[in-house]
Amino acid sequence: MVLESKELVWCMAGMPGVDISKRVPIRDLFERGEVGREYVVAGWVDAVRVHGGIVFVVLRDRSGRVQLVVKKNVSREAWQKARDLSLESVVVAKGRLVESKAALGGRELQVTELEVLAEADPLPIDIHEPEKTVLAKRLDWRFLDLRNPRNQLIFLVEAEMARAARQWFIEHGFVEIFTPKIVGSATEGGAEVFTVIYFDKPAYLAQSPQLYKQMGVIAGFEKVFEIGPAFRAEPHHTTRHLTEYTSIDFEMGFIKSYEDVMDVVEGVVKAMIEAAIRKYGDVIREYFPDAWLEPVKEVPRIDIAEVKQLLAKKGKILSPEEDLDTEAERMIGEIVLEEYGSPLVFVKRYPWNARPFYTMPCTCAVEGAQYPECCRDLRPDTPTCSFDLLFRGLEIATGGQRQHNPQCLVEQIKQKGLNPENFKWYIDMFRFGAPPHGGAGIGLERVVMQLLGLKNIREARLVPRDPERLIP
RNA sequence: GCCGCGGUAGUAUAGCCCGGCCCAGUAUGCGGGCCUGUCAAGCCCGUGACCCGGGUUCAAAUCCCGGCCGCGGCGCCA
C-alpha cells in the first residue's frame, strides 16, 4: 500500500504531539505514582490560573483532579498554550510528578509538553457550582452539568444500585426477562398511556411490565425479573414524577402469601442501599449532606388500618377505603423512623378501592376460600394482599399477590368497570394452570433520590422526561 | 388535570406593588492588560439583558389580555 497524505500517516501512527496511549488515570498519580517520573495525563480543563510566567491548570478526568504547573522558562510553547486555555477544553499533557506542599493532594505535574485536543467555547452554565443554575437550565446543558463530580456521582450510585439488584435476583434464582415496551392494550385500563402509531394501528408504550412478567411465571420460569423503562402519560408537575422511568420489576410463583413477596422486596432494596453505601458512602457524605447512609435493619410491616390509627392520633383522619395521600406518607415515614428507627416501612392490606383489578383480595387468600365466591362482592374497603414500600416518606415500591383464578379475574375486571373482552389474552393465561404468585415494582430513580436526599427526581434521571421536556 | 407563583446580559439576581429619576444596578462569566506559587488567585479596563404577541398611556422592564416556558403544591403514582 502506498501512503500518500500526511493525514493518512497520522491515522496509522496516531496524532502528533503527546502520546495519548501512555495516558494514566489522574488518581494513579496520587495512589501509585513515583515522584520524579514522567507521566501523561488527559482530561478536561477544570481551572486556569495565569500568573504571568507561570500558569496553573487544574486537569480533571473521571478519576480525579491534578494541578499542572506550566512554566515559561521550562517550555515556552506549553506555557503559551496553557495561558490561552478555555475552561472544559480537552488537553493531554506530559510532565514530571513532583511533591508540592502548596498543591492540592500534595503532588503536581511539572509540564513539559501540552496539546489541546479540543477547544471549548465559553460555558453556558456554571459547572463548578450547580446550585447556582436552575435545574431546568442545567438539564438543557445536561452533558456539561454531568461533568460536575457531584452530579456524576448520582449516576454512579444509580448504576451500582441497579447492579446490586440484578445480582440479588440472579443469586436468588430469578431469571432476567425482557418484555415488550410497545403494547396493544393498556395494562390497567387507565388513560395514562402514551399512544404511538404502530404501522396502521394504534398502540401504547408500556406503563408497566405487569402482565408480561406474570406471563413469565405462568410460562414456567417461576421467578422472573426485569430492569427496564416504564412510561406514564400523567401530566404531573411534581418533584417526584417522571413520564419515563426505570422500573425494577419481579414476579414469583408458588408463594404462600404476599409476605413472601415483601421478603424479596426487602432483600433487594436492602442490597441496593448497602451496595451504594459500601461503594460510595464516603463520597456521598461529601456531596450529599441529606443522604441516608446508615445500614437498614428489619423493615416494619404495618396494616394500613393501623397506619390510619397512628395518623389519627396525630390529627390526620382518613376513611377506611382511602389511599394514603402525600402528607400521610410523609407523616408515617417520620413516625416509623422515630418508633422503629427504620427509614423503610411496608404499608400492607390496601383497600380494594385503591388497587388495580389483578390484585388478590384477602377474601380469596384465606384457607378454604371458595372460588369464585370469594371475590363476588368486593367492597371499596375490602382488604387486599398488597403493599407499598415507603423510603423516607416516599413510595418507592408497590406490590402484592395477584389473582390467579380466571373466574375471579373476570369478576374483578368487571367490578373495576373494565371490559373483560379487552383482556382476553391475559385471562387466557390463567385457564391452563397458573400457580399462586405475586410480585412488585420498584422505582429506581426514587430509591436513588431518597437515598441521596435529592429534592427533585429529575436529578436522578440522566435525561429526564416530564410533561414539558422532550429535548434534549 | 386543578390551584398558586414566576420569566431582566452566558449564568444567578436587583428594579415591578406606587409607570417617567433605568439608553436598567450587582455578582460571576467572557474579552484586554499587569503579575513565577496560585488554588472560587488578585488588581485595573471593557463587554453584554427587560420571553413572544396584542392592548392602555404623552410615556411600559413596571399596568391589562393571550401564548409559550419555568417553579411549587395537590390529585395520582414508581
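Everything numeric in this text was worked out from a predicted model, so none of it was measured. Only this structure's heavy atoms are used, side chains among them; waters, hydrogens and symmetry mates stay out. Chain naming here is simple, since letters A, B, ... match the order of the sequence lines and numbering starts at 1 in each.
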Base C77(B) to side chain H236(A), donor-acceptor N/O within 3.5 Å cut-off
no
Is the NZ or CZ atom of K416(A) positioned over W352(A)'s six-membered ring, under 6.0 angstrom from the centre and within 45° of the axis?
yes
Taken to the nearest 0.5 Å, the spacing of D290(A) CG from L451(A) CG works out to 11.5 Å
Below 4.0 angstrom from OP1 or OP2 of A78(B), is there any side-chain N or O of T398(A)?
yes
Consider only side-chain N and O atoms of R465(A) and Y245(A), and report whether a donor and an acceptor are under 3.5 Å apart.
no
What is the distance from CG of L394(A) to C1' of C76(B), rounded to the nearest Å?
13 Å
Sticking with atom P, work out how far C23(B) lies from A49(B), rounded to a whole angstrom.
14 Å
Q67(A) CD to U38(B) C1': how many Å, rounded?
7 Å
Just checking T326(A): base, sugar-phosphate only, or nothing, at a heavy-atom cut-off of under 4.0 Å?
base
Start at the 5' end of RNA chain B and walk down; is the nucleotide closest to E108(A) or to T238(A) reached first?
E108(A)
Over how many whole Å does the gap from K101(A) atom NZ to U38(B) atom C1' extend?
16 Å
No-hydrogen, no-angle side-chain donor-acceptor test under 3.5 Å, T179(A) and E226(A):
yes
So E327(A), base contact, sugar-phosphate only, or nothing? Heavy-atom distance under 4.0 Å.
nothing
Give me the residues of residues 442-450 of chain A where at least one heavy atom lies under 4.0 Å from an atom of RNA chain B, by number, or none.
G443(A), R446(A)
For F30(A), is the NZ or CZ atom of R27(A) found under 6.0 angstrom from the centre of its six-membered ring and inside 45 degrees of the ring axis?
no
Is N456(A) near enough to C71(B) that one of its side-chain N or O atoms lies under 4.0 angstrom from OP1 or OP2?
no
How far does the P atom of C45(B) sit from the matching atom of G6(B), given to the nearest Å?
37 Å
Between atom CD in E329(A) and atom C1' in C77(B), what is the gap in whole Å?
9 Å
Summary of protein contacts for nucleotides 2-14 of chain B, nucleotide by nucleotide, where a base hit scores B, a sugar-phosphate-only hit scores S (4.0 Å, heavy atoms):
--------SSS--
Taking the cut-offs as 6.0 angstrom to the six-membered ring centre and 45 degrees off its axis, would you call R301(A) and F346(A) a cation-pi pair?
yes
R60(A) bridged to E88(A) by N-O distance under 4.0 Å
yes
Have a look at Q110(A) and say if it touches a base, only the backbone sugar-phosphate, or nothing, with a 4.0 Å heavy-atom cut-off.
base
If I pick the C1' atom on G1(B) and the same atom on G75(B), what distance separates them, to the nearest angstrom?
8 Å
Starting at atom CD of Q207(A), determine the distance to atom C1' of C76(B), rounded to an integer number of angstrom.
12 Å
If I pick the C1' atom on C44(B) and the same atom on C35(B), what distance separates them, to the nearest angstrom?
12 Å
Using the six-membered ring of Y358(A), assess whether NZ or CZ of R402(A) lies under 6.0 Å from its centre and within 45 degrees of the ring axis.
no
Any luck finding a side-chain donor-acceptor pair between Q214(A) and H404(A) under 3.5 Å?
no
Who are the ring pair (Phe, Tyr, Trp, His ring centres under 6.0 Å) partners of F225(A), not counting sequence neighbours?
F169(A)
We want to know whether S319(A) and E322(A) form a side-chain donor-acceptor pair, criterion being a heavy-atom distance below 3.5 angstrom.
yes
If we take the C1' atom in both U11(B) and C21(B), what is their distance in whole Å?
29 Å
With C1' as the reference atom in both, quote the distance from A27(B) to U47(B) in angstrom, rounded to an integer.
15 Å
What's D323(A) touching, base or sugar-phosphate or nothing? Going by heavy atoms closer than 4.0 Å.
sugar-phosphate
V50(A) or F56(A), whichever maps to the more 5' nucleotide of RNA chain B
F56(A)
R355(A) has an atom CZ; how far is it from atom C1' of C77(B), in whole Å?
10 Å
Using the P atoms only, state how far G19(B) lies from C64(B), rounded to an integer number of Å.
12 Å
Ring stacking, Y245(A) with base of A78(B), under 5.5 Å and under 30°?
yes
W79(A): partners by ring pair (Phe, Tyr, Trp, His ring centres under 6.0 Å), with sequence neighbours left out
none
Validation row, ring centre F423(A) to ring centre F357(A) under 6.0 Å:
yes
Hey, does T239(A) reach any base, or is it just sugar-phosphate, or nothing, if we go heavy atoms under 4.0 Å?
sugar-phosphate
Residue pairs meeting side chain to side chain donor-acceptor pair (under 3.5 Å), one or both in residues 438-458 of chain A, sequence neighbours left out, come to T246(A)-E445(A), E445(A)-R461(A), N456(A)-R458(A), R458(A)-D466(A)
If we take the P atom in both G53(B) and G48(B), what is their distance in whole Å?
22 Å
Using whole Å, report how far CD of Q210(A) lies from P of C77(B).
14 Å
Stems in RNA chain B: runs of 3 or more consecutive Watson-Crick or G-U pairs, distances under 3.5 Å?
B:1-7 with B:68-74, B:10-13 with B:25-28, B:30-34 with B:42-46, B:51-55 with B:63-67
To the nearest Å, give me how far apart CD1 (I457(A)) and C1' (G72(B)) are.
16 Å
